[in-house]
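A short write-up of the structure that comes next.
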Amino acid sequence: QLPLVESGGGLVQSGGSLRLSCAASGDMGYYAMGWFRQAPGEASEGPSCISSSGTSTKYADSVKGRFTISRDNAKNEVYLQMNNLKPEDTAVYYCAGDLSYPKLDKVVAGITNFRSLISWGQGTQVTVSS
């Protein structure tokens, strides 16, 4: 497993921006990473994932053009820049990783749950007020 700690969540007004960070306690260079979210009473969904090298990314339709995922393997960190936030983006956001990029791709596509991946963090709350 790869211990992960998220940060950067908070309360923001509709149209605002937040940047989430995820720090790995270990070498995440071999891991594909992703950001996933879950609102109360709803199934989890995956905003985005990124390959281990950072050359491939995938976004859910609901966040395309608004969210950007990136990573810094030298720092063992992955980020999610969220712009033009909407109230429906309100959720707990989780950072997760796996050695298989296709597995994360399936989570973003809504086929599987992020808890099927090797590692995930405790989550950070994002609340967008209207």
Side-chain angles (χ1 to χ4, degrees):
Q1 281 197 342
L2 184 68
L4 302 168
V5 178
E6 303 94 337
S7 62
L11 173 65
V12 64
Q13 289 188 330
S14 182
S17 298
L18 281 175
R19 187 186 191 224
L20 304 183
S21 298
C22 172
S25 297
D27 185 358
M28 74 172 196
Y30 294 104
Y31 286 76
M33 301 296 295
W35 284 97
F36 309 99
R37 64 189 184 186
Q38 188 164 22
E42 298 187 14
S44 66
E45 62 173 356
S48 184
C49 64
I50 186 168
S51 61
S52 58
S53 65
T55 55
S56 295
T57 58
K58 185 180 179 69
Y59 296 92
D61 289 342
S62 59
V63 306
K64 281 181 181 177
R66 300 189 298 123
F67 289 14
T68 303
I69 191 170
S70 61
R71 65 189 294 159
D72 185 336
N73 285 347
K75 294 183 178 179
N76 291 314
E77 295 183 348
V78 62
Y79 313 101
L80 186 68
Q81 177 66 43
M82 306 186 293
N83 297 328
N84 191 21
L85 283 160
K86 304 176 181 180
E88 51 264 43
D89 294 319
T90 295
V92 177
Y93 282 69
Y94 298 88
C95 173
D98 201 285
L99 295 173
S100 169
Y101 180 72
K103 289 180 68 176
L104 276 83
D105 190 285
K106 288 183 178 180
V107 178
V108 174
I111 298 172
T112 58
N113 188 290
F114 74 89
R115 291 179 175 85
S116 67
L117 305 175
I118 290 177
S119 296
W120 63 89
Q122 294 300 307
T124 185
Q125 177 70 47
V126 171
T127 303
V128 184
S129 63
S130 57

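Because the structure is a prediction, the values reported are computed rather than measured.
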Spell out, as yes or no, whether a donor-acceptor pair under 3.5 Å connects the side chain of [X] to the backbone of [Y].
{"X": "Glu6", "Y": "Gln122", "value": "yes"}
{"X": "Thr90", "Y": "Val128", "value": "yes"}
{"X": "Arg71", "Y": "Gly29", "value": "no"}
{"X": "Ser14", "Y": "Ser129", "value": "no"}

Measure across Leu18 and Gly8 and return the closest heavy-atom pair with its distance rounded to 0.1 Å. CD2-O, 3.8 Å

Identify the two heavy atoms, one from Ser48 and one from Leu80, that lie closest to each other, and give their separation to 0.1 Å. CB-CD1, 4.3 Å

Of Leu85, Asn83, Asn84, the residue whose pairing with Phe67 passes side-chain contact (heavy atoms from CB on, under 4.5 Å):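 Among the candidates, only Leu85 passes.
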
Pair Leu117-Leu104, side chain to side chain contact (heavy atoms under 4.5 Å, CB included): steps then yes or no: CA-CA 8 Å; Leu117 305 175; Leu104 276 83; 3.9 Å; yes

Roughly how far apart are Asp105 CG and Lys103 NZ, rounded to 0.5 Å? 13.0 Å

With no hydrogens and no angle check, do the side chains of Tyr79 and Glu77 hold a donor and an acceptor under 3.5 Å apart?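 Result is yes, a qualifying pair exists.
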
I'd like to know whether Arg37 forms a side chain to side chain contact (heavy atoms under 4.5 Å, CB included) with Val63, so could you lay out the CA-CA distance, the side-chain angles of the two residues, the decisive distance to 0.1 Å, and finally the verdict. CA-CA 12 Å; Arg37 64 189 184 186; Val63 306; 4.1 Å; yes

Phe114 vs Phe36 aromatic rings, parallel, tilted or perpendicular, using cut-offs 30° and 60°?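 Ring orientation, 0 to 90° scale: parallel.
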
Should [X] and [Y] be regarded as members of a common hydrophobic cluster, given that ILVMFWY residues are connected when their side-chain heavy atoms come within less than 4.5 Å of each other, either directly or indirectly?
{"X": "Tyr31", "Y": "Tyr93", "value": "yes"}
{"X": "Tyr94", "Y": "Val78", "value": "no"}
{"X": "Leu20", "Y": "Met28", "value": "yes"}
{"X": "Val108", "Y": "Trp35", "value": "no"}
{"X": "Ile69", "Y": "Val92", "value": "no"}

Stepwise side chain to side chain contact (heavy atoms under 4.5 Å, CB included) test for Tyr101 and Ser52: CA-CA 8 Å; Tyr101 180 72; Ser52 58; over 6 Å; no

Quick one: do Asp61 and Lys64 make a salt bridge, cutoff under 4.0 Å?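 Looking at Asp61 and Lys64, the cut-off is met.
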
